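Working notes for the structure below.
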Amino acid sequence: MIKSMSNRLPIKLTRVLGRLTASEKNLVVQFALFLRARTLPDPEQQYFWTEGWQSKERDAGKDKKSGRVLGNGSVDDLISSLHQ
């Protein structure tokens with residue numbers, strides 16, 4: 001696996017990996033896979049990480065910063081603001 005990835009890795013990292021034993025290389029790969037798995041969104045939450053949803057989140061953040069929202073962000077406060 002390391003050999004197939006080496007053409008995409010920075011030269012310095014490739015040199016360091018070249019000096020590791022097979023066991024050490026395996027640990028590096030396992031750690032990299034662990035880090036990748038930690039950064040993937042929960043499958044049940046994937047919709048919220050789509051570009052469309054994230055774009056709407058950015059728009060909402062801009063609206064909040066500029067004061068174009070009612071209430072403090074809670075549903076109860078929104079309803080109270082609407083009744084005023």
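Any value given below was found using the heavy atoms of this structure, including those in side chains, with hydrogens, waters and symmetry copies removed. This one's a predicted model, so the numbers in the text were calculated from it and none came from an experiment.
- Of the N and O atoms on the side chains of Gln45 and Trp49, not one donor lies less than 3.5 Å from an acceptor on the other residue.
- Smallest separation of non-hydrogen atoms from Phe48 and Trp53: O-CD1, 3.1 Å.
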Apply side chain to side chain contact (heavy atoms under 4.5 Å, CB included) to the pair Asn26 and Gln30, showing each step before the final yes or no. CA-CA 6 Å; Asn26 186 45; Gln30 293 303 315; 3.6 Å; yes
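- One finds the OG1 atom of Thr50 at 10.5 Å from the NZ atom of Lys56 (value rounded to the nearest 0.5 Å).
- No hydrogens or angles considered: nothing links the side chains of Asp76 and Ser74 as a donor-acceptor pair under 3.5 Å.
- Summarising the geometry, atom NZ belonging to Lys64 is positioned 12.0 Å from atom CG belonging to Asp59; distances are rounded to the nearest 0.5 Å.
- For the atom pair Arg19 CZ and Glu24 CD, the distance stands at 11.5 Å (nearest 0.5 Å).
- Summarising the geometry of Lys25 relative to Leu17, their closest heavy-atom pair is CE-O, 2.8 Å, with the distance given to 0.1 Å.
- Formation of a donor-acceptor pair under 3.5 Å by the Asp77 side chain with backbone atoms of Asn72 is found in this model.
- One finds a salt bridge joining Arg58 and Glu51 here, because a Lys/Arg side-chain nitrogen approaches an Asp/Glu carboxylate oxygen to under 4.0 Å.
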